[in-house]
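Heads up, the thing below is written out as structure tokens.
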Amino acid sequence: MAHYLVRSNGKEFDIVIEKSGDSFHAVVNGRKYFVQSASCGRSKSVMLIDGSSHEISIKTNGYDNSRLVTVGPVEVELEIDNFRLAQLKKAAGNGSGKAASKEIKAPMPGLILEVKVSSGEKVEPGQLILVIEAMKMENAVKSSAAAVVKNIAVSKGQSVEKGDLLIEFE
Amino acid sequence: MAHYLVRSNGKEFDIVIEKSGDSFHAVVNGRKYFVQSASCGRSKSVMLIDGSSHEISIKTNGYDNSRLVTVGPVEVELEIDNFRLAQLKKAAGNGSGKAASKEIKAPMPGLILEVKVSSGEKVEPGQLILVIEAMKMENAVKSSAAAVVKNIAVSKGQSVEKGDLLIEFE
Amino acid sequence: MSKPIKKILIANRGEIAVRIIRACKELSITSVAVFSSADRSACHVAMADEAYFIGGAPSPESYLDQNKIIETAKKCQSDAIHPGYGFLAENAGFARRCADEKIIFIGPRAETIELLGDKIQARQKAIEAGLPVIPGEEIDVADSDDALTKAKSIGFPVLIKAIAGGGGKGMRVVNSAEDFNESLIRASSEAKSAFGDGRVFLEKFLENPRHIELQILCDAHGNAVHLGERECSIQRRHQKLIEESPSPVMTPKLRLKMGEAALKIARASDYIGAGTVEFMVDQDMSFYFLEVNTRLQVEHPVTELVTAIDLVKEQIAIAENKKLSFSQDDITFSGHAIECRLSAEDPQQGFVPSTGTIQDYRIPSGPGVRIDSGVESGSEISVYYDPLFAKLIVWGKDRSEAISRMRRALEEFRISGLKTTIGFHRLVMENDNFISGDFSTNFIETEYPNFEFETAADKTIETAAIAAAIDKFKNESSINLQNGKSSRASVSNWSLYHRQRNMRKFTGSR
Amino acid sequence: MSKPIKKILIANRGEIAVRIIRACKELSITSVAVFSSADRSACHVAMADEAYFIGGAPSPESYLDQNKIIETAKKCQSDAIHPGYGFLAENAGFARRCADEKIIFIGPRAETIELLGDKIQARQKAIEAGLPVIPGEEIDVADSDDALTKAKSIGFPVLIKAIAGGGGKGMRVVNSAEDFNESLIRASSEAKSAFGDGRVFLEKFLENPRHIELQILCDAHGNAVHLGERECSIQRRHQKLIEESPSPVMTPKLRLKMGEAALKIARASDYIGAGTVEFMVDQDMSFYFLEVNTRLQVEHPVTELVTAIDLVKEQIAIAENKKLSFSQDDITFSGHAIECRLSAEDPQQGFVPSTGTIQDYRIPSGPGVRIDSGVESGSEISVYYDPLFAKLIVWGKDRSEAISRMRRALEEFRISGLKTTIGFHRLVMENDNFISGDFSTNFIETEYPNFEFETAADKTIETAAIAAAIDKFKNESSINLQNGKSSRASVSNWSLYHRQRNMRKFTGSR
């Protein structure tokens, strides 16, 4: 028997798994399911929950507790912890609530075509900040809020990878 | 540069491989080819021989020198050795020429339905020896030559795997 | 009055279960798979909306277990059961049990299955309906002397075939009186084990006949149509390997006559559902009634491709008591379709079954190609079930385009981990007699006696040799690098990294 | 006189190169691929009979390098070059160079490409041929005041579009005078970088129009036919996402009128080859000439599925100087076809391109499904080329069957390693306005403002959570076993083996 806490997209699932012969009982937020699971190939399996069939594939992000679970054609990102560990983490109260974005990162890999702001400039919401060309399309990157530009990390003609820092705000 | 001897289906290929930039020169039984090879995924590659395109996949039988090479949709089994090693092997003259078959092995996995001979019995070429059921079909196993049955390794109702010993002759 | 079906239990596995599940999904009908212990992660289980375990790997413990299947259907509240082909598809007792349990059996009525499943009665019915039949009669297996006398009076070669069942099981051609007795015993024993009925029938064996069958659809309101023919002469041991529509020898006039004959026996047996009337056609184009298959055929897709009618959806509509939405005049035939049955068998070794785990499964696609497959990468082909793992069906504007498309599609197919008949089908698509359409049911044994097939071309072997050499060369270079066994005495970390990067480059990884 | 083509160089990559190679294989024409350093192991290289390296990953160094392509064609003795779409497909200079080098360019004559590639000239030609056009005129980018005056006189909203090229590049809708200047500069700059020509045209922007196009085929002997329409209104930023044939709003009468209009401009421009005449259709079903695409379209398969005519083979036949084998009266339309363009883009993040290596690629199949794909497991999607990796095309007896089949096929599709638009297409196939056929080119921005798509259903998230828990449970049990960290103090080798066997059983490995 094992007790897990699974979180995804703001939802929490308290799950107890118990083996039952070739199969499993899963108690999910108090509701009991009969689960059969059979693997097929390396990372795929077929899972039946009270008879409902699902094709499952699970990818682990290396050492940590996050998983990319594919249910049929749908991908779900989630985090799974042993229940007690999750409770301890919560009690420790490691801060939630994301800080407002203080930077713009490259939304895609591409080439910086133009930078339309300069350091120290005050920008309005929706103002054009820069233009990235990717796959032959020009993409306008705009500010989401009023802010003051602190640092411009890229220049015209530069290639960037997805996630590269472009602009920092004060 | 490396020098190999490849054997398949009674044919021998004396092959010298030399790297040339991103590509290779292969001299095969004295004829020179320009070869480009690019891998795609784990076991697949695209190989161009003087521009002719081939989709290649290679499986190795563990430690030894035999390979299963798939060229497009065609499978080719072959053996590859370093040329000098192959020459040494040849000089040592490890016996070729297979001995006549002294046994019958299961040609497929299945269920022994009937054994039609007994130990010590003399059988004629084409005589029915036993019947195996596999995938709902009855398959007659017949003798390929005149022989005397020495040992019957299976009995009616027994399940056999492909390659299991069924009958030994004297 | 029509009654919509909401949930169908598919009492089958493999490609045909997948085919039926696809139809259910497109009709928004809930699909229910059943599975044996060998099929826990099979495609049909993964694809169905629901799936239930019904027993052990051997089919009598699962796919043939009527109790378990009925029980499962009731438990999950299925309105209907689709039996596919094989297993319980032509079991009148099962159809009757479904009726008793108020579950719709998607197939003809039990009485029809019973009547037509018995070759003697079916033959009698055909004679009454005015269909031509091949000379022959039932024989008593126990009285081998009398059986031999009857065989002699019909004249060798004769064909012994099981009265129950079909699909080549319990069937033997006997060319001379000496072989008669053993063949009779084998056929009867095979029939008994396959169908639980050892009775056999004896008939004149036609020389170089064609096997041509007519697809029929009959609703419960007296409407019956035929959907043209399928040419199924390319067979091995009475198992069809390649089917096509239209037949290369068909004429509109002959199709009309055979279609009428097919509908005559359908009407005479109050047929409801999809079915196939099989005929033998001899060299002067006379045709003889063979039998009626009271089920969906393996080869139904070729008809679907030339008529644009979805036979599984029509089966379901008929089971819902709907009227056919078209009449005979609405049915048109367009282009040419060919199906190759792809099996896990080794043609080089007399088509022995090949088992194992499928690796690197890649199906062809593009214009005019359809695959009905029951497997994927990671699927296991076991000894328990039919070795058919997929059907490759192509459509072309004419036979010539269909053949060249089939060739192209077979070349694109990739599967490893076991032996298959794909290479064999590629040979047939290059065979002059196949291409000219000049063949009979003896095609395989005439063209490929002793299963002596051409192996890989010399050029292909040379290519494989070069590939193996390049591969070994790359690996040896790579091992040398990894072990630091470079000819240079010392290599700095940076230059090692640099060389590995180069190597990655020339091997094409990016 | 017709001259058979023996060898075709395909000056393209990805799915369209694969599509053309398939046609070549079926016609026994030798296919030659060319490839950049990013495409050494790409599908089109693996599938072609021959393949030659032509340069670096950025397309100007390879797929757009006319010298290298012509040189390769001459070196390997190709009779003909098929340009696919994009790259050099509508480059009149390249077509002319092929002609000079006596290589057949599979496409219209250079003069036709030149004439119709220039939106101003094409518009003039259309007006002369009697086709209705949208009010508008060319503007001088440098004289922004004059441009704004012209925009105001046409009346906002206006559409700025590049005179050269197409495919949504260099195109901007401007709703008010304030935004005009910046949009004009952006559009012109985009046009200059994409087509080397910054000239733009201004026209009245129609509210809620449909984009409907007519496929034409014209041989070199004066025979011209149209193959019906394609409805291409489902677009994002002027890039088509979903196409179908017939259009849900088409009537036989309108098709006749639009077909006649399409053939008028074809005749007026001495068109030879396959082409597409694009129209905007407004809400009262008036249609306006938009442009002619002098090439094979991405969406050509929907026409192939409803007409059973292979457009690539027809292109090749026309290039061989053959007469069309059918007349307008021979062309019939059967059923309904829909295409979804599957792209490596993340719809949740405003359709940003997604790059990476494709894993676990599994294409759907079964009745009525066609995939034109340019990738397979192990393929890399790079930043250098169009993110379109495959097209999923289905045929159904009517629109409703086609939609439910598309839904089924999208559900069967598997791809991992990067984000794709498959989930987005699944949403559209469930969208009431799409299902009713009631949509315009504004569909995407109206239905999915701010790219706010429904994420996974709660039930699906719960299923994923259970799957993760079971998986973790299995792994932890397995680690315990392997490390011998069992709760029992000592475990004999035999019982350990026994427990592992059991575990294999319950995980379904056999």
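Reckoned from all heavy atoms, side chains included, excluding hydrogens, waters and symmetry mates. In what follows, chains carry the letters A, B, and so on, assigned in the order in which the sequence lines appear, proteins first and then strands, with residues in each chain numbered from 1. Treat the numbers as computed from the prediction; the structure is a model and nothing was measured.
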Q | Presence of salt bridge, Lys11(A) and Glu462(D), under 4.0 angstrom | A | no
In short, Lys459(D) meets Tyr33(A) closest at the heavy-atom pair NZ-OH, 3.3 Å
In this structure, CD of Glu18(A) is separated from CZ of Phe473(D) (nearest 0.5 Å) by 8.0 Å
Per-residue tally against chain A (heavy atom, under 4.5 Å) across Thr463(D), Thr460(D), Ile422(D) peaks at Thr463(D)
Ranked by heavy-atom pairs below 4.5 Å to chain D, first place among Ile58(A), Val35(A), Val28(A), Val74(A) goes to Ile58(A)
Smallest heavy-atom separation, Ala469(D) atom then Ile15(A) atom, equals CB-CG2, 3.8 Å
When every non-hydrogen atom of Ala468(D) is compared with those of Leu78(A), the smallest separation belongs to CB-CD1, 3.7 Å
Taking CD in Glu75(A) as the centre, count heavy atoms belonging to other residues, nucleotides or ligands within less than 6.0 Å. Is the count above 12? yes
If one checks every heavy atom of Asp360(D) against chain A at 4.5 Å, the contacting part turns out to be side chain
ask   = Could Glu182(D) and Lys116(A) be called an ion pair, given the rule that one side-chain N must be under 4.0 Å from one carboxylate O?
value = no
Is there a donor in the side chain of Lys474(D) and an acceptor in the side chain of Ser37(A), or the other way round, less than 3.5 Å apart? yes
Taken to the nearest 0.5 Å, the spacing of Lys59(A) NZ from Asp471(D) CG works out to 12.0 Å
Closest non-hydrogen contact found for Asn82(A) with Lys472(D) is OD1-CE, 3.9 Å
Practice prompt. Verify the neighbour count for atom CD of Glu12(A): are there more than 12 heavy atoms of other residues, nucleotides or ligands below 6.0 Å?
Written response: yes
Comparing Ile17(A), Val16(A), Ile56(A), Val71(A) against chain D, the one with the most heavy-atom pairs below 4.5 Å turns out to be Ile17(A)
The interface call for Glu55(A) against chain D, heavy-atom contacts under 4.5 Å, is side chain
To the nearest 0.5 Å, atom OG of Ser193(D) lies from atom CG of Leu113(A) at 6.5 Å
When rounded to the nearest 0.5 Å, the distance separating OG1 of Thr355(D) from CD of Glu161(A) is 7.0 Å
Taken to the nearest 0.5 Å, the spacing of Lys19(A) NZ from Ile470(D) CD1 works out to 10.5 Å
When the 4.5 angstrom heavy-atom criterion is applied to Ile466(D) and chain A, the contacting part is both
